Structure formats: C-alpha cells, structure tokens
Protein chains: 2
Amino acid sequence: MPSSAIREAFESVPSPAVLREIVPIVRDEVNRSAAVRCSTCSMRNVCTPPGLTAEELSRVDSIVCTTRTVRRGDTLFRSGDLFQYLYAVRAGSFKTVIVHSDGREQVTGFQITGETLGLDGIYTGRHNGDVVALEDSVVCVISFLQLETVCREIHTMQHHVHRLMSGEIVRESRLMMLLGTMRADQRVAAFLLNLSQRFKALGYSSAEFHLRMTRREIGCYLGMKLETVSRTLSRFQRDRLLDAQGKQIRILDPEGLAACV
Amino acid sequence: MPSSAIREAFESVPSPAVLREIVPIVRDEVNRSAAVRCSTCSMRNVCTPPGLTAEELSRVDSIVCTTRTVRRGDTLFRSGDLFQYLYAVRAGSFKTVIVHSDGREQVTGFQITGETLGLDGIYTGRHNGDVVALEDSVVCVISFLQLETVCREIHTMQHHVHRLMSGEIVRESRLMMLLGTMRADQRVAAFLLNLSQRFKALGYSSAEFHLRMTRREIGCYLGMKLETVSRTLSRFQRDRLLDAQGKQIRILDPEGLAACV
DNA sequence: CGTCGCATTGAAACTTGTCAAACATTGTGG
DNA sequence: CCACAATGTTTGACAAGTTTCAATGCGACG
C-alpha cells in the first residue's frame with residue numbers, strides 16, 4: 001500500500017477494517033530511523049550466515065528498513081495483520097500467542113534477543129498470531145520481499161533463512177512433545193532449563209535470571225493452569241532444586257532439574 | 001557422498017555408524033527410476049506454484065531425482081539420518097514421530113498425498129524425527145541442494161517453498177493450541193474434522209474415510225492414551241455424531257462435531 | 001494508603017491415566 | 001483354507017494428576 005493510499009484512507013473516518021490494514025504500516029513508517037547497520041551489529045551472527053564478504057554484508061544492510069520500539073504490553077503485530085516484515089529481536093522479549101474465537105489462548109513461544117518473529121505470516125500473507133512485548137523492546141524490521149531478493153543473490157544467506165525456518169519447525173515439534181507427553185513438573189523443568197540455556201548463549205548467567213512473563217503466561221505456554229505452575233515452582237523450591245523469589249529465578253541444581261525431564 | 005565412497009565402505013564390514021550414513025543413500029540410489037515428470041503429475045499444483053512457464057516446469061522436473069516406494073511400517077528416514085532430500089507424498093500416508101531417549105514418543109503429524117516431508121532436516125543437516133509409512137506408499141524425492149538452486153532462479157518457486165515451510169510452522173502452532181488447551185473430546189473432534197477436510201481437498205469424501213493409523217498412534221498425536229481415544233469415539237458414536245467400525249469412520253453430524261471444538 | 005494484578009496455598013471435583021480382561025481383526029504358516 | 005498367534009480395540013474399576021474454586025498475601029503504582 002503506497003503512502004498516498006494511506007493519506008486517502010484518512011480523509012474520511014476510516015473503518016475498523018481499513019484501520020486494521022493501515023495502522024501497522026503507519027507504525028513502521030513513522031518509526032523509520034537512521035539507517036540500521038547489520039555490519040556493525042553485535043547480533044550479526046544470528047541474523048546473517050558467517051563468511052559474508054563486506055560487499056554482501058552491505059547488501060544485507062540495505063534490506064533492514066529500520067528498528068522499531070515496542071512498549072511493554074503493546075503488540076508488534078496481530079493475527080490477521082498484513083505480512084510484510086520479519087523481525088529480529090534486538091533487545092527485550094516477546095510472547096507469540098494464538099487466540100481461539102472462544103477466548104482460549106495458547107502461547108506458542110517466548111522470544112528473546114537474537115530470535116526471529118513473523119515467519120508465520122508467509123503462509124497466507126497475513127499473520128497467524130499476536131506478538132506482544134513482555135518488556136520495552138526493540139526489533140529490527142526486515143522487508144521480506146527484499147529478503148527474498150537477497151536470498152536469490154547470496155547462496156549462504158538463502159540457506160541461512162531456510163535454516164531459520166527449519167529451526168522454528170524443530171523448536172515447535174519439541175514443544176509438541178513437551179505438551180503431548182510430559183507431566184507438569186517435567187514441563188516446568190524443561191521450560192526453565194531451555195530458558196537457562198538461551199540466556200547462557202547470550203552471555204548471561206544460566207543459573208540466575210529474571211522471568212519476564214507471568215505465571216499465567218508460563219502456564220499458557222506449557223498447557224497448564226497458573227496455579228499448577230506456582231505449585232510446581234514451590235515444590236522445586238522445597239526440594240532445593242531452585243530458588244524462586246517471584247520472577248527472579250536461581251537454579252541451584254541443574255542436574256536435579258534435568259533429571260525431572 | 002560419492003558412490004565410490006559407498007563401494008569402499010562395503011569392502012570391509014561397515015560399522016553401524018557407517019551403515020546409518022549409507023543405507024538411506026543407497027536406498028535412494030537403487031530405487032532411481034525413469035525420469036519423474038512434475039510437468040505431467042496430477043499433484044503438480046501442490047509441489048509447484050501456479051503460472052510456471054513450460055521452460056520453468058522442465059527446470060523443476062530436473063531436480064526431482066526419483067520416486068521411492070516405502071512399505072507399510074518401514075521408515076522413509078530416521079532421526080539422525082543425513083538430510084539431503086525433501087519428499088512429497090505421491091500416494092499413501094506417513095506419520096512423523098519424535099522419540100525421546102527415555103522411550104516417550106510424540107507423533108507430530110500425519111501426512112497424506114500431496115503433503116511434504118523432511119523440512120525438519122534443514123536446520124542441523126540431519127533429520128530430527130522418524131518418518132514411518134502407515135501403508136505402502138510412494139514419495140517423490142527432491143534434492144534440497146538443487147531445489148535451493150532452482151529457487152534462486154525462479155521467484156515464484158522460491159516463494160512457494162517459503163510458503164510451504166511457513167505452512168508447516170502454522171500447522172504446528174495449531175497443533176500446539178490443540179495440545180495445550182483442548183480436552184480429550186475436543187482433540188478427537190478437531191482431529192477427525194481436520195482429516196475430513198484434507199481428504200475433501202484431495203477429492204475424496206469428507207464424510208467417510210479409512211483411518212490408516214491405530215488408536216495408539218492417534219493418541220500419541222493428540223497427547224492422550226489409546227483407551228481415551230477409544231472411549232471418546234464410543235461416546236461420539238453413542239451421541240450419533242459419527243459411526244466408527246474399527247478404522248472406518250463415517251461422520252454423521254459434522255456441525256455437531258465442530259461444536260465440540 | 002487503597003486498589004489492582006500477581007502469586008501462593010488448600011480442599012474438593014473432575015478428567016484422564018493405569019491396569020486388567022475380553023473381544024475383534026489381521027496375517028501367517030501348516 | 002483353517003487355526004493360531006499377534007496385534008489392535010473396547011470397556012470397566014480404580015488411582016493419580018490437574019483443574020476449579022476460594023481465601024489470603026504480596027508488591028507496584030497512582
């Protein structure tokens with residue numbers, strides 16, 4: 001949609017349907033900031049394959065349109081929004097959630113720095129779920145159309161994107177195994193150990209971290225009620241596997257936790 | 001791995017590890033048959049985007065190496081196998097299953113004619129789960145390396161592959177909602193309606209079909225025990241929602257089933 | 001300082017799993 | 001072609017795990 005169309009749309013009072021189309025686009029337009037450089041980004045290694053030439057890197061730079069800031073509780077995009085961009089979390093964290101018409105919700109993932117958002121939109125051209133910031137966060141905005149172009153030019157980049165998508169498929173199938181076969185304590189243990197690993201990979205402590213999500217959101221991700229999450233954490237604490245002060249988690253016995261799973 | 005390497009490997013007794021590498025490759029080599037033509041395949045519309053020129057179609061033909069027949073109960077590939085090929089189900093049906101080291105199993109999908117297998121392997125270069133034929137089946141074998149090449153040449157083919165992967169991501173996240181939020185009867189109803197739709201899309205009856213999988217496999221897919229699957233089907237039958245004679249299913253009241261979900 | 005959302009904990013209710021037995025179906029070898 | 005074995009299915013009774021409902025405490029924020 002060209003910006004002239006956006007202007008026209010606002011000359012009369014836009015319908016909710018039209019607003020739904022335009023708002024995410026406008027958000028991205030107005031937030032467009034000075035050129036974002038992948039070539040100097042510390043997260044470069046997660047967005048691009050290793051071994052790109054300087055020339056190739058600057059080609060990649062050219063397709064990262066902008067960064068966007070999303071405040072805690074706000075959505076990056078919602079189910080039904082037109083798909084145009086992929087997003088890379090630069091700072092902060094998000095949840096992806098699918099809402100059924102009857103109000104049931106399922107959190108399908110939590111994304112932290114260096115992880116990808118928006119791949120669900122390619123299939124139909126519209127996003128399949130909502131993405132909500134768990135804290136004030138920043139994402140890089142990548143035009144998917146331009147990404148496809150770059151992938152036709154640079155083999156390694158093409159394969160990198162394919163790996164990214166396949167990784168999402170593998171991640172989801174692991175979560176399906178968790179939801180399908182594990183009991184409550186196993187699920188919580190697996191969840192904490194997975195987070196722990198991801199924090200470690202970012203250079204943070206694997207033993208102590210701050211949960212950005214509520215017990216309800218954890219439960220919604222693990223397929224159980226918030227009370228069960230709370231009880232399980234209390235039990236782990238009683239068993240000296242961890243120390244939980246609200247959202248602050250300290251893992252005391254990672255092997256013991258791993259033995260649960 | 002060139003075929004000379006395969007020959008060498010067999011001059012002495014190969015180790016289990018070496019066999020594990022070679023067997024799937026050999027299987028694909030020996031089954032190589034006369035050229036398979038996508039251009040004349042009735043399933044063409046699922047494997048290729050619409051609107052390819054004759055020239056482009058013949059380019060696509062060139063990368064479908066062969067078809068392969070898999071007997072009921074045999075595996076197409078297994079977790080840990082080297083990833084080289086994607087597969088399109090030409091006839092028959094499969095289950096994809098992840099086996100945890102402690103023996104827990106999760107069926108992550110059932111694939112019927114026109115559906116894709118193997119996307120999980122791109123991530124690490126090795127397959128992440130087992131694929132087992134539920135009946136004697138035939139797949140088209142597609143070299144992924146060559147597919148990537150074609151995708152760099154033909155925009156629409158590139159986008160088609162991206163849609164395929166994204167569709168898998170969306171499918172899995174729907175299954176996660178099922179596993180995370182639904183009760184047994186809702187899961188079974190959703191499962192039957194989903195199968196029904198897919199059969200319908202293939203031109204078969206949406207009301208009456210033959211399940212290729214056992215109650216145990218259905219349970220393993222839906223995150224419940226086979227007894228619960230059986231009881232749920234019996235209840236549906238008592239409520240005149242469907243008629244189940246073993247694996248033969250006749251849906252009597254699709255709206256009633258949909259109301260369960 | 002009160003309110004609101006979040007977290008914890010207990011008791012009862014419900015759903016699903018477990019174990020066991022009987023029956024049905026399929027496939028195989030005599 | 002039949003008999004038998006193996007596998008798959010159905011059903012019941014009981015146990016276990018999780019949810020539901022309810023009460024209470026905690027901490028952030030206006």
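As the structure is a computational prediction, the values presented were derived from the model and not from experiment. Chain naming here is simple, since letters A, B, ... match the order of the sequence lines and numbering starts at 1 in each.
- Note on B:Ser234: only backbone sugar-phosphate atoms sit closer than 4.0 angstrom, heavy atoms only; bases stay farther off.
- The distance between atom CZ of A:Arg183 and atom P of C:dG17, rounded to the nearest whole Å, is 12 Å.
- Looking at A:Arg231, its side chain comes within 3.5 Å of the base of C:dG10 through a donor and an acceptor atom.
- Distance CD (B:Gln248) to P (D:dG8): 18 Å, rounded to an integer number of Å.
- For A:Met224 and D:dG17, the CE to P distance is 14 Å, given to the nearest whole Å.
- As rounded to whole Å, 12 Å separates atom P of C:dT26 from atom CD of B:Gln245.
- The aromatic rings of B:Tyr204 and B:Phe199 sit perpendicular, their planes meeting at an angle over 60°, well past the 30° parallel limit.
- Within the 4.0 Å cut-off from OP1 or OP2 of C:dT8, not a single side-chain nitrogen or oxygen of A:Arg238 is found.
- Following rounding to the nearest Å, B:Gln237 (CD) and D:dT11 (C1') show an atom-to-atom distance of 14 Å.
- Donor-acceptor pairing under 3.5 Å, judged by distance alone, is present between the side chain of B:Glu227 and the base of C:dC19.
- One cannot find a donor-acceptor pair under 3.5 Å joining the base of D:dT18 and the side-chain atoms of A:Arg235.
- Taking the six-membered ring wherever Trp is involved, the centroid distance between the rings of A:Phe94 and A:Phe110 does not fall below 6.0 Å.
- Taking for each of B:Arg72 and B:Met182 the nucleotide of DNA chain C with the nearest heavy atom, the 5'-most of the two is the partner of B:Met182.
- Comparing D:dT20, C:dC6, D:dG8 by their nearest atom to the side chain of A:Lys225 picks out D:dT20.
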Evaluation steps, salt bridge (charged side-chain N to carboxylate O under 4.0 Å, His left out), between B:Asp136 and B:Arg71: CA-CA 4 Å; B:Asp136 293 357; B:Arg71 300 233 158 269; 2.8 Å; yes

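- Within the nucleic acid shown, A:Arg187 has no heavy atom closer than 4.0 Å to any nucleic acid atom.
- The side-chain hydrogen bond (donor to acceptor under 3.5 Å, both in side chains) test with A:Ser93 is passed by exactly one of A:Glu135, A:Glu115, A:Arg212: A:Glu135.
- Counting to the nearest Å, the P atom of C:dT25 and the NZ atom of B:Lys247 are 11 Å from each other.
- In this structure, of C:dT8, D:dT9, D:dT19, it is D:dT9 that holds the atom nearest to the side chain of B:Ser230.
- Taking only side-chain nitrogens and oxygens, B:Thr228 never comes nearer than 4.0 Å to OP1 or OP2 of C:dT16.
- Note: NE2 (A:His210) to P (C:dA7) measures 10 Å, nearest angstrom.
- As judged by a 4.0 angstrom heavy-atom cut-off over every strand, B:Leu226 is placed among the base-contacting residues.
- Taking atom CZ on A:Arg215 and atom C1' on D:dT19, their separation rounds to 18 Å, with Å as the unit.
- The aromatic rings of A:His127 and A:Phe83 sit perpendicular to each other, their planes meeting at more than 60°, with 30° as the lower class boundary.
- Projected onto DNA chain D by closest heavy-atom contact, B:Thr214 and A:Gly223 fall at different nucleotides, the more 5' of which corresponds to B:Thr214.
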